Amino acid sequence: MNFFDQVYEVVKKIPAGCVMTYGQVALRLRSGPPAARINISPQFVGWALHANKAGSGVPYHRVVNKDGRLAPGYAFGGPGEQKNRLISEGVKFIDEDHVDLESCVL
DNA sequence: GTCCTGACGAGTA
DNA sequence: GTACTCGCCAGGA
């Protein structure tokens with residue numbers, strides 16, 4: 001169980017229609033179960049997801065940066081695809097590129 | 001075996 | 001208010 005898997009576990013727990021920021025995930029890992037607690041910077045959350053292969057069952061399109069903006073174009077077939085998945089899951093967008101973080105604060 | 005990089009965020013100047 | 005720097009861990013070259 002490395003920090004990779006822990007990131008995946010947290011992301012997997014994000015319900016459909018909800019989004020979480022990198023910072024939120026990192027914070028959750030830091031304040032999670034002591035046995036699994038790791039000091040992680042938000043940067044590595046994204047990096048772990050990037051290292052993960054798309055299709056591993058990890059809905060990492062639900063992870064956005066603190067502004068609620070999607071990854072520049074490193075996800076799936078591009079930001080459009082990620083956005084598409086979020087919309088089809090019922091995630092609200094306050095802007096063309098910004099998801100509504102208030103719609104589901106975990 | 002070692003060095004650099006990498007989807008970010010928070011703090012300081 | 002804006003811009004820059006540092007920190008975190010693991011994988012790849």
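Model, not experiment: these values are computed from the prediction. Letters A, B, ... mirror the listed sequences (proteins, then strands); counts begin at 1.
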**Q** Between A/Trp47 and A/Phe4, is the ring centroid distance below 6.0 Å?
**A**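 Under 6.0 Å, so yes.
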**Q** Calculate the interatomic distance between A/Arg37 atom CZ and C/dC9 atom P; express it in whole Å.
**A**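 These atoms are roughly 14 Å apart.
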**Q** Taking CD1 from A/Ile40 and P from C/dG7, how many angstroms apart are they, rounded to a whole number?
**A**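 It is 17 Å, rounded to the nearest whole Å.
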**Q** Using atom CG of A/Leu27 as one end and atom C1' of B/dA10 as the other, report the distance to the nearest whole Å.
**A**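 Checked: the CG to C1' distance equals 12 Å.
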**Q** Rounding to an integer number of angstrom, what distance separates C/dA13 and B/dA7 when you compare their P atoms?
**A**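 Their P atoms lie roughly 15 Å apart.
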**Q** Could you please name the option among B/dA7, B/dG6, B/dG9 that lies closest to any side-chain atom of A/Pro42?
**A**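 The closest nucleotide is B/dG9.
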**Q** Expressed as a whole number of angstroms, how long is the span from A/Arg62:CZ to B/dA7:C1'?
**A**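 In whole Å, B/dA7 C1' lies 18 Å from A/Arg62 CZ.
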**Q** Nearest to the A/Tyr22 side chain among B/dA10, C/dC8, B/dC8, which nucleotide is it?
**A**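 Side chain of A/Tyr22 sits closest to B/dC8.
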**Q** With a 3.5 Å distance limit and no angle check, can you tell me whether A/Thr21 reaches the backbone of A/Gln24 through a side-chain donor-acceptor pair?
**A**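 Yes, A/Thr21 side chain to A/Gln24 backbone: donor-acceptor pair under 3.5 Å.
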**Q** Quick one: is the NZ or CZ of A/Lys83 closer than 6.0 Å to the six-membered ring centre of A/Phe93, and within 45° of its axis?
**A**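 Geometry flag: set, cation within 6.0 Å and 45°.
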**Q** Mapping A/Thr21 and A/Trp47 to their closest nucleotides on DNA chain B, which lands nearer the 5' end?
**A**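 Going by which nucleotide is closer to the 5' end, it is A/Trp47.
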**Q** Please verify the inter-ring angle class for A/Phe3 with A/Phe44; under 30° counts as parallel, over 60° as perpendicular, anything in between as tilted.
**A**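 A/Phe3 and A/Phe44: perpendicular rings.
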**Q** B/dT12 and C/dC8: how far apart are their P atoms, nearest whole angstrom?
**A**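 Roughly 15 Å separates the two P atoms.
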**Q** Taking a hydrophobic cluster as the set of Ile, Leu, Val, Met, Phe, Trp and Tyr residues connected by side-chain heavy atoms closer than 4.5 Å, whether directly or through intermediates, do A/Leu101 and A/Ile87 fall within one such cluster?
**A**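 Yes; tracing contacts between hydrophobic side chains, which count when under 4.5 Å, links both residues.
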**Q** When you get a sec, tell me which of C/dC8, C/dG11, B/dA7 is the closest nucleotide to the side chain of A/Phe4?
**A**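 The listed nucleotide nearest to A/Phe4's side chain is C/dG11.
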**Q** Please state how far atom CZ in A/Arg28 lies from atom P in B/dG9, giving the value in whole angstrom units.
**A**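 It works out to 18 Å between those atoms.
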**Q** Of the candidate nucleotides B/dC8, B/dA10, C/dA10, which contains the atom at the shortest distance from the side chain of A/Phe3?
**A**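 From the listed options, C/dA10 comes nearest.
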**Q** Quick one: A/His50 NE2 to C/dG12 C1', roughly how many Å, whole number?
**A**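 Atom-to-atom, A/His50 to C/dG12, this comes out as 12 Å.
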**Q** Go through B/dC8, C/dC8, C/dA10 for me and flag the one nearest to the A/Asn65 side chain.
**A**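 Nearest nucleotide to the side chain: B/dC8.
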**Q** Side chain of A/Leu49: nearest nucleotide among C/dC9, B/dG6, B/dA7?
**A**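 Of the options given, the side chain of A/Leu49 lies nearest B/dA7.
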**Q** Can you measure A/Arg69 atom CZ to B/dC8 atom P for me and round it to whole angstrom units?
**A**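 Value for this atom pair: 9 Å.
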**Q** What is the distance, rounded to the nearest whole Å, between atom CG of A/Asp97 and atom P of B/dA7?
**A**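 In whole Å, B/dA7 P lies 18 Å from A/Asp97 CG.
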